[in-house]
Each structure stands twice: as structure tokens, then as C-alpha cells.
Protein chains: 2
Amino acid sequence: MRSPLLQLFQHQASGGVRERLCATLRLAIGRRHLHAGQQLPSSRQLAQDLSLSRVTVEAAYGQLESEGYLRRETGRGTFVAITMPATSSPPARLASARFSARGELLLATGGCQDPPFPHAFAAGSPELRAFPHETWRRLSGNVQRSLGSAAMGYGDPCGYLPLRSAIADYLALSRGVACQPEQVIILTSSQQALQLLAMMFVDPGDEVWMEEPGYPGARSALLAAGARLRGIAVDAEGAVPAAGSAKLMYLTPSHHYPTGVTLSLPRRLAWLEWAQRNRSWLIEDDYDSEFHYDERPIPALQGVDRHQRVITLGTFSKSLFPSLRLAWMVVPPALITPVGRARSVLDGHSALLPQAITAAFMQQGHFASHLRLMRQLYRSRRDLLLAQISQRLTPWLTPLASAGGLQLTVSVQQNEARLTAQAAQHGLLLPRLSPLYAGPDRQQGWILGFAALTPDEIVAGCDKLERLLRES
Amino acid sequence: MRSPLLQLFQHQASGGVRERLCATLRLAIGRRHLHAGQQLPSSRQLAQDLSLSRVTVEAAYGQLESEGYLRRETGRGTFVAITMPATSSPPARLASARFSARGELLLATGGCQDPPFPHAFAAGSPELRAFPHETWRRLSGNVQRSLGSAAMGYGDPCGYLPLRSAIADYLALSRGVACQPEQVIILTSSQQALQLLAMMFVDPGDEVWMEEPGYPGARSALLAAGARLRGIAVDAEGAVPAAGSAKLMYLTPSHHYPTGVTLSLPRRLAWLEWAQRNRSWLIEDDYDSEFHYDERPIPALQGVDRHQRVITLGTFSKSLFPSLRLAWMVVPPALITPVGRARSVLDGHSALLPQAITAAFMQQGHFASHLRLMRQLYRSRRDLLLAQISQRLTPWLTPLASAGGLQLTVSVQQNEARLTAQAAQHGLLLPRLSPLYAGPDRQQGWILGFAALTPDEIVAGCDKLERLLRES
């Protein structure tokens, strides 16, 4: 029995000597080399066998006694106190983990995949190489120094008030959103906002509407909540009003995801009227509305809502950077307390430091100038991609609406799935359009991310794409 | 009509001139000062009225036309395109927001309250004033410089691998946890971990067990998932094994929350056997096990589990700082993929920068020395509080187990609720024990946080408490 102990001991690589000896004995008991009632060597003997001091062995024996592994009897010696149960099943059986019905729904969504970066033509990534790192680092240092431990404790589940104020000001000016700072709830991501709203408003079997095609992240959160989803057709004016009612409707009014269409003002009014009539909620996902290139974007739906039926979501993932993990929703006053409470049960609150840095970044005007620069940069990249398509990828590809955003959706006549697989073999990532439809009537195409790609990368991507299309 | 426009315009405080004019016109239409078909002044006339350049007015008219508010007819003029619907209900009616059944359950939990800091005797706060701010800031700068934009993109929903490795090493050495880095899933908080597990494993009506009394955050997450909770009695050896089965059992083996009792080894084996027999999950919340003062803590339950039925949770909220928003769970290999997928639907992934800083902090040995220092500091504060209680708060207060943690739970003979309210009037916060019971059989007492309080603050708090108890 001493020799397996010695062997086990020699395999304990890290920790102090006493800790390694304890781990050795636990392991020997855990692996059933030692059984209840079995006597251990005296501390003197074991110290000699393992070339340790007797004090160390005594300490380890004492510790394992306090943990319940050993029993020491004065004058008799040290005994193993317990026999570990045998493993009755191999770990593989575990694959049959029983999840809840909700868990199964959630897993069936396949999860949400974030894009790799930077890679032609992954969608949804901003250009991080042009980020004002130096300014951010400086503000980060300032904020850490000035707030000190005040930025390290627990925070308000609804968010850090100066950031909520800065967002309210920004949204009022740039998006026509009318709200008090308290109505701005800070979250980790718009995905978390969708998850929270799905939990709060949707019971299994409830009817929920969303645009068809539509944003997969919203679809996943709603399906995981057990919603019966109805796809609402989108035409050149955006989502087409429909008869019937639903608990809530998910909308992307600024640029419809993924086709890029803007919801017209008459349609906005129709949807607001529908929500008021049915006491439904409109979830306005105002994702990447910061990036609108050809004219000023239409203000947010929230700004024309007179009945407080709109919840507007936004994120810094596109306008600053994804790993910041800050997003917001603007809720009607009556929802502030319930949403804050729900958020506290979901995951407490958001980190204070990034909130404080972002607030300073906005207050000092860096946010506005960063957006201005990025808008110019992205517009030039979008123009380049459009030019490339018109010069050499026509008539295979037809761009859909392209007034804004970080990606350009194109329709393709040929077999989308096959071409996508071929492209992947050549290292070209073509995010597919058709899986964003829930119904059978699907347009084939790709959602080509351009914002994170340099002109050279865009041209190189188009080279590959052209070869692929010519050969197919 | 010009005069209300002028008035509205003068109230637009921020933004460029064109933007203010656009906001004015939108507001006039939104407030129904202007109706569909109504003709607006010519751009020349309005420019004169508002003392603007005609170019600005033309630009604003053009923009509002593109937004659908106005209609311009060549040779005829500019007309309002739309009449805003009247507000039919005051916002107050909204208080009747219809939540889902799950939403109502969630709101009924009352949410999770985090402690204010630092305040005698708020529970659950670490001492942030002794944090190595300078080291953290330095690492933060280094990591930002070395990772650059690589730390800003999207991340793995399961977490940043170097941090997962560092945690696996730390847990192996200090907590006897046997796992591969991939089994460590990084989350925003242990509250998020509980929420995720409740979603994944619990359907409405499912039986779930937890210790009685028990941790409110776990109770909230489980109740919000619709669990039927059964309270499991806790004695001097921890949770008492019971007959029957449940989907999962929530346990705090290291120090039971809130009584501080450690789960004995025989009990651990009994619970593991129960979980294996019933194919249940044991959720081991290993919160604040870093702080154990009188002997070394018993290793985690996970380390003796031979059947992969244990999911272990831990957090950096106590060992580093709450606003870091980093916690972890160690899951059996079969759960890595499902949990990662679920996490992606919950809120994507955790921020990379704090993960990278924490990994560096651990790898460079700062974490171990910080814990060593904090353990000494907290032990001395616990000893002081125990001495104060024995010197002048006995026999009113009786400390329960006190081997570790950031708080000391005491029982009190008198009316807990009344005394707590009186204390609050004197600025003394006494977190109540009895609300942590779900059943009728409740011990009265308080959970006295001491870790975040200096010796002077502890003594001052005891002064107030003594006066209160003497007067009552």
C-alpha cells in the first residue's frame, strides 16, 4: 500500500508538500486503493517512506481527519474512515441528460453564433482596428483612479445613472426617442434584453409575431420561451400589418434585418395602432441604426408612440465594440420597476467600470466623433462592395436595400447552400439568407458583412466570390 | 401656426440648427398642431420667421419628406403628410401590464437585492478598500495594450480559455475539483448560472430541493422557473438526506448559507448517492469558500463525485470584486456543449477584457496572495466581531457556526422584525435571518456582514446594536 501512495504522491505536481500529501491520500481513498477501517502507516513511517518531515505527515493526517477521510485513535493509530462508493456507470451514459421542456426548446434553437473577426464576409462585426484605443485606455485609467473602489461594488440592476442619462440624451438627439434617464435600462447585450422580454411576456403557446425573414437571436429567445411564432411578411415599406393579435411583435424598423428595408411612417402608425388596440408590445430592435448612409435615418418608433406600447433596444456592440457587453432598452415608465427586478434575478447588474468609461466617452463627445468617422468609413466600404458587385458579380448577385448597417444583403439566383459550402472550402464565409426564414417561401442569398473589412479585404473577397460564381 | 412653431423651436435646446428644426416639426405633428394636408410656410417665409438660412429650412423639409412627415409638390408647396393619432389612454393605465405566468412568478420573488457598501452590517460584501488597485490597473493597461482589438470582438459563450485554465488549476489545488479547463464555463454571475440551470433543468411544477433556510438568489431563480420547492432541513452536519426524488438539489456544502455549517463527508457521499440513484443534479454553490479561517476547508463535493452528477458554482464577486461580473460553473463533460449553447441564447458571452485581466492576475500569483491577505484580514475582523458579541451582546445574540465566509449569522431571542426596523432608524442595517426560511419553522436572527468593515466600523456597529438591545 505504501508503494501506490508513493507513486500517487510523486504525481502530485503542484502545491505545498502538505497539500500534495493530502491530495494523495484523498485520491487513494477516492480510487478505492484504501478502504474504511484500513490502518495507515504511522506518521513516522510514512514520513520516512516519502522523505517528508513527520510534522508534515501529522498535519496532513490531522487535516484529513477534520475532512472526515481519516479517523485517529490515540494509542492505536490512523485509520481510513470511509469507503468510497464504486463507479457504477461510465460517464458516457450521462449523454442522456434530462433537460426541461424549456431547456430542450432552447437547445433546439442551436444557440446564437457570433461572427469570427475579421473575415470576409462575416456579418455583424464593426471595424475594431480603427477604434480609438488610446482614448479608451486613457478614460479607463481616469475612471479607475477617480472612482476607485466605488466602481467595484454591487450596482443598480437598472444600470449606472450617468450612462443612462448619456444614452437618453443621445437617443433624444439622434433617434428622436423621448424618455427620462430612468427609462433606460442597461443590460449586457440585446440578446439578454430579448431573453428578459421573452420571459416576462411570453408563456408557452402564446402567439408572438416577428418579421419574416427575421433576426435569429430574437427567434431563439422567443422559441426558447415557448412562443408560437408567426412570420409577418416584409415588403418595400417594411413589415405588412396583419389581422389578429399577439402578445408581442418583434420589429427592426430602422433597417429590417436582414433585408435592410426601412419601415415607412404610415406602417409605423399602423403597427402602433395595432399594439394599442391589442394591448400588445412592440419590440423595436434599433440595432446598428447609427450607421445610415444615404439620408438621415427615420427616428425611432418609440418617438411617435403615444400609448407606451414600444420597448426600444439598442447596443454598443456595433457602435463601440462587442466585448464591451453593454446594451440598453428604453421601457415605458410602468415597466421600469418590473424590468429592474427581473434583471436582478437574471444576473444582478452590469459591470460598473465599462458603464462609467462609456458614459465618459459619450459625455466628452468621443462617441459622436467616433460614430461620424465610422459612418464615413463604412459608407466608403459599402460603396466599394456595391461597385464590385455591379462591376463583376452581376447578374449573379442582386443587392437588396443598402441604406445602412454593417452588412449588405444580396439575393443569388443559384443554389445558395451549395455555393456557400464551396466558398467555405476556399476560406470564404458567406452568411446564408434563407435560414433566416421560418416559412417555406425563402429567398436565397447572403448577408455580406463589409464594415470590418479593409478595401483590400473586400476586393480579395470579391475575387474569390467571382471565381466561385464563374466556375459554378 | 408660425408662432407655436417658433415657440417649439426655441425650446429645442441641443443639436445643430437643421436638427432642431426637424425636431420642432416632428413635435408639432406629433402634438397634432399640424394635420395631414395642411400647407407649411414656404422655406423662404419660415427661414425669415425663425431667423434661419433658407438652405437649412430646405434641408429640414427634405429630410422630413424622406421620413414621411411631409409631402412636397413642385410649384404648389410643402404639406403635412400625416395626422398623428390622438392619445386615447393616459399612461397610468399601463400599470395593468400583462406579464406571462413566468414573468409574474419572477416578479413575485421580489428580485435580488445586492448589499450597499460599506455599511454595518450589510452581508456579502468583500473589503474593496484593501484591493490591489495599482496592480489591477497595471495589468489592465498591459492586457489592453497586448491584446488590442483582439480583446474587443465577440467571444466564446463558454469563456476565455486562459481564464478557464487558470480557474481549473486554482480549483484543483485549493478545492480538490477535478476538471479539464473546457469544463469551466464562464458566466456573468452565479445568479446567471442559477438562472441558466433552472431554465435548463426545471419545468413548471417540477420538484426541486434546497436547504432550509436557504440562499434567496437560488430560491428566486428556481421559483421563477416554476419549481415546486421543498426545503431540506440542515443540522450540525449540513443538509439531512431525505426520501424521495427531485430534478435537482441546491446545496452550499462548504459553508451552508446562511448558518455556516459545513456538510460532513458522510453526508456528501449520501447526497452523491441520492443524485446518482435519482439521476438528479446537485448544484454545489461553492460561494466564498475561499474564506475559511479555523481549519482548511473540506474540498468541493465535485472532487468526490464519481458519477458526474455535480455542477459546482463559484464567483469572483467575493474574492475579487462584485462589479467584475465574472463567475463560473464546472460542469460534467456531457453538459459543456448544451450549457454553452444555452448561454449564447441568454446573453452571448462574457466581456473578454476582464476575463483576460483576471487570468493574468491569477497566473502571476496575485490572486493567491490577495486571498491570503484577505483571509488574514477577514479572520481578524470575524474574531473582533465574535469578541464584541461575547463581551457585550451576550446573551441577546448567539453566533452560529463561524468557520468562514464574509458574514456571521447570529440567532436572537427577541423580535427580529421589530429590532431590525428600529436599527434601520438608527442607520444600522441588520440583514434578517427568518425570511431565508420558506417554511413556518423559522429561527430569528441576523446575518452580520463583517468582511467589508474596518475594526472601528465593527465596534461602532456593535455600539449601536448594544444600545438597541439594552433599550428594547
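FYI, side chains are in, hydrogens and waters are out, and symmetry mates aren't considered; it's all heavy atoms of this structure. Naming convention: chains lettered A, B, ... in sequence-line order (proteins, then strands); numbering from 1 in each chain.
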Identify which part of [X] has an atom lying under 4.5 Å from any heavy atom of chain B, answering side chain, backbone, both or neither.
X         : result
Arg325(A) : side chain
Leu107(A) : both
Ala225(A) : both
Thr109(A) : side chain
Leu353(A) : backbone

Roughly how far apart are [X] [atom1] and [Y] [atom2], rounded to 0.5 Å?
X         : Y         : atom1 : atom2 : value
Arg341(A) : Leu106(B) : CZ    : CG    : 10.0 Å
Leu265(A) : Ser66(B)  : CG    : OG    : 10.5 Å
Leu128(B) : Tyr154(A) : CG    : OH    : 9.0 Å
Gln195(A) : Met199(B) : CD    : CE    : 4.5 Å
His349(A) : Ser189(B) : NE2   : OG    : 8.0 Å
Leu194(B) : Leu346(A) : CG    : CG    : 12.0 Å

If you count heavy-atom pairs within less than 4.5 Å of chain B, which of [options] leads?
options                                    : answer
Pro322(A), Gly148(A), Gly111(A)            : Pro322(A)
Ala221(A), Pro354(A), Ala342(A), Ala224(A) : Ala342(A)
Ala198(A), Gly110(A), Ala327(A)            : Gly110(A)
Ala193(A), Gly62(A), Pro266(A), Gly103(A)  : Gly103(A)
Pro299(A), Cys22(A), Gly141(A), Gly176(A)  : Pro299(A)
Met200(A), Arg268(A), Gln192(A)            : Met200(A)

How far apart are the closest heavy atoms of [X] and [Y], and which atoms are they?
X         : Y         : answer
Gly153(A) : Ser323(B) : O-CB, 3.2 Å
Cys112(A) : Ser344(B) : N-OG, 2.7 Å
Arg98(A)  : Phe201(B) : O-CD2, 3.4 Å
Val202(A) : Arg102(B) : O-NH2, 3.0 Å

(message) Is it true that Arg145(A) and His133(B) share a donor-acceptor pair across their side chains at a distance under 3.5 Å?
(response) no
Residue part contacting chain A, namely of [X], when any heavy atom lies under 4.5 Å:
X         : result
Leu352(B) : both
Ser140(B) : side chain
Phe131(B) : side chain

(request) Report yes if some heavy atom in the side chain of Leu335(A) is under 4.5 Å from a heavy atom in the side chain of Phe99(B); otherwise report no. (result) yes
(message) Only pairs of heavy atoms separated by less than 4.5 Å count here; which of Ile29(B), Ile82(B), Asp156(B) has the most with chain A?
(response) Ile82(B)
